[in-house]
Novice: 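Okay, here's the structure, questions in a sec.
Just so you know, these numbers use all the heavy atoms, side chains as well, and skip hydrogens, waters and symmetry mates. So you know, we letter chains A, B, ... as the sequences are listed, proteins then strands, and number each from 1. Keep in mind the model is a prediction, meaning the values are calculated, not measured.
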There are 2 protein chains.
Amino acid sequence: MGVRAQQKEKTRRALVDAAFNQLSAERSFSSLSLREVAREANIAPTSFYRHFKDMNELGLTMVDEGGLALRQMMRKGRQRAEAGGSVIRISVDTFMEVLDSNPNVFRILLHERSGTSAPFRAAVAREIEHFISELAHYTEEKAHRNPELARAQAEAMVTLVFNAGAAALDMKKSERKVLADQLVMQLRMVAKGAEVLHQKVDNR
Amino acid sequence: MGVRAQQKEKTRRALVDAAFNQLSAERSFSSLSLREVAREANIAPTSFYRHFKDMNELGLTMVDEGGLALRQMMRKGRQRAEAGGSVIRISVDTFMEVLDSNPNVFRILLHERSGTSAPFRAAVAREIEHFISELAHYTEEKAHRNPELARAQAEAMVTLVFNAGAAALDMKKSERKVLADQLVMQLRMVAKGAEVLHQKVDNR
DNA sequence: TAAATTAGCTTACAGCTGTACGCTTAACGC
DNA sequence: GCGTTAAGCGTACAGCTGTAAGCTAATTTA
């Protein structure tokens, strides 16, 4: 890669990082201005356009990066779970750890999920869909559920996990522990309930 | 009430209504400006301050009104359920009906739940808490669950309902039907699962 | 090596924002 | 009836926004 392309990439990263760094419980992506981001990245406002068409394009890039981080997390969790132990417990713990180390990645996903930009919502939905379908596939195989039931179960579980994630973002570690325990309990409810429904439908 | 107070109340309502009317899938409360709201309500921007200290105060008023609408809905649903039939099914249908007739009330609640203003999040949390504790109390009584389990169950159910509500906001009627059916299925999972966990803990 | 490309800069502008200040006018309390 | 109160208005201003236009200087290409 040439010197020029390298420098361009570096500045682009500076912009993305600047945007991530400005996110917090009090500051959503949509409240950031192009000028603020450029300022934080130490470039002139108008230079922003050399990298992104507008703030939306930056935001979608961030959502995609966030999604990538999520998928990497899933793999990590699955690996750990293979060593034995409660899959639910291990997954929840992994989720909480990643949430703790990348809070702003989650902020943009959790906030824009119910945001006002349709492309954003679609992008987040796409990322969450990865979660759901992988989990549904997993349950379908391991527990021999029928597809429809597996899908509903997976969706419910992912919903509960993400909702807990949103709540956890503003919590201290001790509060998070309680939350995690309750989440595990809720996930077990769903799992048990799905089992019962499954037996009913298949009449055995 | 005097002529003066009456007129003031009327203008205040015009402001609240103007703000509600400007909400949509593409427009969140936090993206509204004081001037826009004043314009829509046909008053001068500076007159806004005769009624609210700032936009935040307006927003909190709206959240409170939304919460009120929710609680009225709950009562309506409970009355219907008393006439017999599946409590879950009836509650979901009621919820969807109210969602359909007051979409913007839900928009502000659903969006500000994960918003950037702490007072807003707290206000929404308070409203949702009403839901959870009433439901927990109901289950504790009807199904003789222990408090901790009842609480976790209620929280899970409310989470699932609100999440489905957010998704339903941008859907056509036919899509909503599918969503509602899946939601019912998920709620039954949670209910069944809680039952099983309950029996386990109490060893009978 | 000369020409072309391009990341980043400075300057500039129109449009929006919240809100301070002071006025008018109609209802209120005495 | 008369002084007081207050809802609503118009004007004004500073500060922010996105972005258009054109320049500079360094890299790339031919």
Novice: Please say whether more than 12 non-hydrogen atoms of neighbouring residues, nucleotides or ligands are located less than 6.0 Å from NE2 in B:His130.
Specialist: yes
Novice: For B:Asn56 and C:dT17, what is the distance between atoms CG and P respectively, to the nearest whole Å?
Specialist: 17 Å
Novice: Please check if the distance between the ring centroids of A:Phe131 and A:Phe95 is under 6.0 Å.
Specialist: no
Novice: Anything under 3.5 Å between a donor and an acceptor, one on a side chain of residues 72-85 of chain B, the other on a protein residue two or more places apart or in another chain? List them.
Specialist:
{"from": "B:Arg78", "atom 1": "NH2", "to": "B:Glu134", "atom 2": "OE1", "distance (Å)": "2.7"}
{"from": "B:Arg80", "atom 1": "NH2", "to": "B:Glu97", "atom 2": "OE1", "distance (Å)": "2.8"}

Novice: What pairs of donor and acceptor atoms, side-chain ones from residues 177-196 of chain A against any protein atom, are under 3.5 angstrom apart with sequence neighbours left out?
Specialist:
{"from": "A:Asp181", "atom 1": "OD1", "to": "A:Arg89", "atom 2": "NH1", "distance (Å)": "3.1"}
{"from": "A:Asp181", "atom 1": "OD1", "to": "A:Arg89", "atom 2": "NH2", "distance (Å)": "3.2"}
{"from": "A:Gln186", "atom 1": "NE2", "to": "B:Ala152", "atom 2": "O", "distance (Å)": "2.9"}

Novice: Can you tell me the distance, in whole Å, between the CZ atom of B:Phe48 and the P atom of D:dG8?
Specialist: 13 Å
Novice: Roughly, in whole Å, what's the span from CD in A:Gln6 to P in C:dT6?
Specialist: 18 Å
Novice: In chain order, what residues pass the side-chain hydrogen bond (donor to acceptor under 3.5 Å, both in side chains) check against B:Gln22, with sequence neighbours excluded?
Specialist: none
Novice: With the threshold set at under 4.0 Å for non-hydrogen atoms, list the residues of residues 7-30 of chain B touching DNA chain D in residue-number order.
Specialist: B:Gln7, B:Lys8, B:Thr11
Novice: List for me each residue that meets salt bridge (charged side-chain N to carboxylate O under 4.0 Å, His left out) alongside B:Arg27, sequence neighbours excluded, and say none if there are none.
Specialist: B:Glu36
Novice: Distance check needed: D:dA7 P versus B:Phe52 CZ, whole Å only.
Specialist: 13 Å
Novice: When you check every protein heavy atom under 4.0 Å of nucleotides 23-30 of chain C, what one-letter string (B, S, -) results, 5' to 3'?
Specialist: ---BBS--
Novice: Which residues pass the ring pair (Phe, Tyr, Trp, His ring centres under 6.0 Å) test with A:Phe20, sequence neighbours left out?
Specialist: none
Novice: Collect all protein-nucleotide pairs involving nucleotides 18-21 of chain D in which both atoms are nitrogen or oxygen and the distance is under 3.5 Å.
Specialist:
{"from": "D:dG18", "atom 1": "OP1", "to": "A:Leu34", "atom 2": "N", "distance (Å)": "2.8"}
{"from": "D:dG18", "atom 1": "OP2", "to": "A:Leu34", "atom 2": "N", "distance (Å)": "3.4"}
{"from": "D:dG18", "atom 1": "OP2", "to": "A:Arg35", "atom 2": "N", "distance (Å)": "3.2"}
{"from": "D:dG18", "atom 1": "N7", "to": "A:Arg35", "atom 2": "NH1", "distance (Å)": "2.5"}
{"from": "D:dG18", "atom 1": "O6", "to": "A:Arg35", "atom 2": "NH1", "distance (Å)": "2.9"}
{"from": "D:dT19", "atom 1": "OP2", "to": "A:Tyr49", "atom 2": "OH", "distance (Å)": "2.7"}
{"from": "D:dT19", "atom 1": "O5'", "to": "A:Tyr49", "atom 2": "OH", "distance (Å)": "3.2"}
{"from": "D:dT19", "atom 1": "O4", "to": "A:Arg35", "atom 2": "NH1", "distance (Å)": "3.1"}

Novice: What pairs of donor and acceptor atoms, side-chain ones from residues 43-54 of chain A against any protein atom, are under 3.5 angstrom apart with sequence neighbours left out?
Specialist:
{"from": "A:Asp54", "atom 1": "OD1", "to": "A:Asn56", "atom 2": "N", "distance (Å)": "3.2"}
{"from": "A:Asp54", "atom 1": "OD1", "to": "A:Glu57", "atom 2": "N", "distance (Å)": "3.1"}

Novice: For A:Glu65, give me all partners under salt bridge (charged side-chain N to carboxylate O under 4.0 Å, His left out), at least two apart in sequence or on another chain.
Specialist: A:Arg13
Novice: Rounded off to whole Å, could you give me the CG-to-P distance for the A:Asn42 and C:dA7 pair?
Specialist: 19 Å
Novice: By nearest nucleotide on DNA chain C, pick out whichever of A:Ala44 and B:Arg39 is the more 5' one.
Specialist: A:Ala44
Novice: Mind checking side-chain hydrogen bond (donor to acceptor under 3.5 Å, both in side chains) for B:Arg151 and listing every partner two or more places apart, or none if nothing turns up?
Specialist: B:Glu129, B:Glu155
Novice: Could you pull out all residues at least two apart from A:Arg35 that satisfy side-chain hydrogen bond (donor to acceptor under 3.5 Å, both in side chains)?
Specialist: none
